[in-house]
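The basis for the numbers below is simple: all heavy atoms, side chains too, and nothing from hydrogens, waters or symmetry mates.
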Amino acid sequence: MEHSTNSSGSGQEETVASPTGHSEEFAQQRVSNPTKEAWVLDSLKKRHTEFLHKQQIRAFVGTWNVNGKAPPADLGQLTAWLGFVPDNEVELEKLPELVVLGFQELDVRAEAFVYNNSVKDMEWTEAVERSMGGAKQKLVKVASKQLIGMFIMVYVRTDMVDVVTDVQMASVGCGIMGMVGNKGAVAVRLTFRDTPMCFVCAHLAHDGAQVERRNAQFHDLSRRLTFAGSAADADPLTPSADVVGSGATEADRMHSVFDHSYVVWFGDLNYRLAIDTGDMDEILARGEHRSLLGLDQLQIVRMNKQAFAGFEEGHIDFAPTYKYIVGTSEYDARRRPAWCDRVLWWTRPGCEDGVQSEAYESVDSVCTSDHKPVRAQLGLDVWRVDVEQRRAVFLEVLRELDRYENECIPTANVEATTVDFGDVYFGRAVRRQLRVGNSGQVPLEYGFVATPNRAAVAPGWLRISPEHGMLLPGQHVDVELVISVDERTSAPLSTRQEDLDDILVLHLTRGRDYFIQVHGAYQVSVYGMSLDVLVHCKGAVRNMTRADFEQCLRSGQFSVPRSMWLLIDFLSRYGVDRGLTLFNYSGDSVLGRRIREWLDTDQPLDPGTILQWPEGGDAQGSSRMSLTDQTLVASAISDIDVLAPSTAEALEQLSLGTWTPTPMRAESDSESEPDLELDSHRHLSSGQAAEAIAGRAAHDAGVDTVASCLVELLRALPSPLIPTALYTACIEAGGHSRAAALEALEVLPPGNLNVLVYLLAFLREAVERGATAAARVARVFAPALLRPPVGHVRVDAEDGYAEMFVLYLLQSHGQI
């Protein structure tokens, strides 16, 4: 394919004139959203009369397959074809503003195919211009292009030369092997005032059976005929064809024939009549050729949208233009007559009705070829754009769009942009509310969205409810924000690698974003701290800085965490000689928080406070009784016939206190647990029994609370004492034997193994001294020691196997 862009041609193949003219480049960018762009274009169309000034020009388009013949000696035949040449003085206004002439089979010599060096264009150009007579002085040739037998010339009336700009030419061969120029097209594009248009002179495959090939050639030429981009190609309705953010301009891309307001496609298109009716000669002799148009292949393919879809054509009221006996107006009986030579046009959306057919005819008097020449006179609407006024209207339309959008933009009233949660402790949720209201005039859809640095809406330690919703104008919602630090999120917080600080993004659909800062002061605790860190800590973790933790981890370590040692040491001293109740109740939450505070600040556990809890000896607060003491009370009551009022009131306070004992696990203890020995208490009087039980209840509350703190310390480990990677092996071992359980622990890390051995030693002592039952220990500690990996699917017997695994460990004294 060949291109020429506003350059003077040399040689015989093409000549170009470059008329003066300028098409302004606009700085204003177009709207990038397709929906908005369509609205803007529609608004500009409605107001186009404010900046577009329409003018109608005439374009003469002629096509002729000259069958390789030289120009006729009688120039009158050419003059007859041109039609617009007057017999006398030429009046400028009566001449068409554009004259476009196309030839086919201009040169059919073999050397022209081989060397592509036809010289026939100059011969025919001279003949045509001589035939114009005086009109030639009123016309200027602005472009011509030849490809072997195809040739196109474009003339502009002298008074219109200055308004014709951006003249370019192209040619494409699609003949032999799909490339040779015996078939193909030559094209010229130009801009008349502010209206881009393209003229294509084509010669398609011959033979009546080649319909599909002709269709394919049309599509191939439509794709391959391209021109360099230009600002003049911009839609006259809009200030620029640039698209916001595209990074490309009109000059950066190639334009097809359909990137113009008008496309005039003409030439020997070679479409024939679909069938031979057998009586065509008689029909043509009677002048009834219109009855054959229903068999015209071109009309059929246009109707079926196989080719030339969207193209229009003037009314055909002339006889078929092919095939004639040269030198006559008689049809060659060896070929079926057909309308091979045609002129069609296409208008892009927004330019409908911009082309009118004023005349469409063949010239029967020209007989030098086997084709009759065809001519069409078209009325073309062209526009002159008032650039400044168009920019003003465009900006007004954009302002109107902005106003509509602003009225429709949802707005919210967010109560606060900072939410402070204060001190936050492990395992204790802190709640705050954030009120969001719809202060706009349209329904508001809101939602918290992820940030570029985080895939989730919020960090793991923060929950939002609801995360999204819709509010009608005037409505509001109280969004609940909850900070809850547990074993899943505590590890980086415990060593101050991270803080409870984050920025939430509240997004309004079709609206703005609101940024909400959340902050909490995490109180570092041994609860939620990893085992690797715990064994290195030798002091109060609450006040340690990030640098302190880094230094601590580089120092020596204990065999077991100090916090665990403090709890087990207390239970060994005060909790194993009180009967079969250890790990049976959850203890007191207030006391539990105090014990945690002591552990976090590295203070010893105070037996006086714990064993006499609650402080001050409050009767109702001391009314919690262990299973041992409940049985003792029932036994004492059974030996008393009538209780004194004071004794009865005391027992009522014991049994109906302000809080009741809560088992650590909902399941009841195994039936195999031994009965409690209560004979040693039966000799007490009612008064002595009540006094002894009140003191015992306080003692049990303290011990049970310390026991609960030990279990919760294990459960709070970010990674369990027995790593999750060993979970499946341990569960399977629990379903087999003690030997299998011991084998499963052979790969346990040394640090974890030390802590497990220490813990099991205490639990065996507690069982052996009657403080608890082995089944109870297994039930309480199995979920604390064994934690399934994420995504694990549990089975029904899994809990039982986990408890059996812990029982096997208890029985393996000296074997771990």
Side-chain angles (χ1 to χ4, degrees), residues 421-432 461 463 482-490 494 520-529 541-542 563-564 566-568 570-571 574-575 578 581-601 603-627 629-630 653-667 694-717 772 776 779-781 783-784:
F421 286 81
D423 293 341
V424 178
Y425 296 84
F426 179 89
R428 289 159 59 181
V430 182
R431 291 173 167 80
R432 296 288 186 270
W461 41 261
R463 298 194 307 273
V482 182
I483 286 185
S484 179
V485 179
D486 55 21
E487 67 277 5
R488 296 170 299 176
T489 58
S490 60
S494 297
Y522 182 63
Q523 304 302 301
V524 175
S525 173
V526 295
Y527 287 83
M529 191 171 287
V541 301
R542 174 63 52 77
S563 52
M564 183 178 295
L566 288 171
L567 295 171
I568 291 178
F570 183 93
L571 293 175
Y574 306 105
R578 66 192 194 113
T581 62
L582 193 60
F583 304 118
N584 201 39
Y585 297 96
S586 61
D588 182 78
S589 60
V590 177
L591 177 58
R593 285 196 290 271
R594 178 171 293 191
I595 293 173
R596 288 189 180 190
E597 192 72 15
W598 288 338
L599 296 176
D600 295 339
T601 55
Q603 299 182 42
L605 304 187
D606 180 14
T609 300
I610 295 174
L611 299 179
Q612 298 300 322
W613 186 263
E615 295 176 301
D618 179 73
Q620 291 187 350
S622 303
S623 62
R624 182 196 178 285
M625 293 186 292
S626 67
L627 179 61
D629 300 324
Q630 294 177 45
Q653 289 178 348
L654 290 175
S655 59
L656 301 176
T658 56
W659 56 288
T660 57
T662 304
M664 294 181 69
R665 289 288 300 266
E667 301 88 354
R696 184 64 180 274
H699 175 273
D700 286 347
V703 171
D704 288 339
T705 303
V706 175
S708 295
C709 289
L710 174 61
V711 175
E712 291 304 319
L713 182 64
L714 292 170
R715 290 180 175 175
L717 291 173
T772 186
R776 164 60 58 181
R779 195 172 299 126
V780 171
F781 281 86

Closest non-hydrogen contact found for V482 with A429 is CG1-CB, 3.9 Å
Side chains of W461 and S490 in contact at under 4.5 Å (non-hydrogen atoms) | no
Could you check E712 against R715 for salt bridge (Lys or Arg N to Asp or Glu O under 4.0 Å), going step by step and ending with a plain yes or no?
-> CA-CA 5 Å; E712 291 304 319; R715 290 180 175 175; 3.4 Å; yes
Work out which heavy atom in V703 is nearest to a heavy atom in L571; give both atom names and the distance.
-> O-CD2, 3.7 Å
Residues at least two apart in sequence or cross-chain that pass side-chain hydrogen bond (donor to acceptor under 3.5 Å, both in side chains) with S525, listed by chain then number, are D600
Residue pair T581 / T772, side-chain heavy-atom distance below 4.5 Å | no
Please assess F583 against S708 for the test side chain to side chain contact (heavy atoms under 4.5 Å, CB included), listing each intermediate value before the final yes or no.
-> CA-CA 7 Å; F583 304 118; S708 295; over 6 Å; no
Exercise: identify the closest heavy-atom pair between Y527 and L567 | OH-CD1, 4.2 Å
I595, L566, L605 screened by side chain to side chain contact (heavy atoms under 4.5 Å, CB included) with C709, the one that passes = I595
Considering only heavy atoms from C-beta outward, does the side chain of W598 approach that of P604 to under 4.5 Å?
-> no
What are the two closest non-hydrogen atoms of L582 and R776, and how far apart are they?
-> O-CG, 4.1 Å
Pairing residues for V590 by the side chain to side chain contact (heavy atoms under 4.5 Å, CB included) criterion, not counting sequence neighbours = D588, R593, W613
Non-neighbouring partners of Q523 that pass side chain to side chain contact (heavy atoms under 4.5 Å, CB included), sequence neighbours left out = D423, Y425, A521, R542
With side chains defined as the heavy atoms from C-beta onward, is the minimum distance between M564 and L714 less than 4.5 Å?
-> yes
If you look at every heavy atom in F426 and V485, which pair is closest and at what distance?
-> CD1-O, 3.7 Å
Decide yes or no for I568 and L710: does some side-chain heavy atom of the first lie under 4.5 Å from some side-chain heavy atom of the second?
-> yes
Contacts of type side-chain hydrogen bond (donor to acceptor under 3.5 Å, both in side chains), residue T601, not counting sequence neighbours = Q603
Heavy atoms only: give me the nearest S484-R463 pair and the separation to one decimal.
-> CB-NH1, 3.6 Å
Measure from the side-chain N and O atoms of T705 to the backbone N and O of G587, and report whether any donor-acceptor pair falls under 3.5 Å.
-> no
Any side-chain heavy-atom pair from L717 and E487 closer than 4.5 angstrom?
-> no
Those residues that, when tested against S563, pass side chain to side chain contact (heavy atoms under 4.5 Å, CB included) (two or more places apart) | V526, L534, P561, L599, L713
Applying side-chain hydrogen bond (donor to acceptor under 3.5 Å, both in side chains), name anything that partners R432, two or more places apart in sequence or on another chain.
-> none
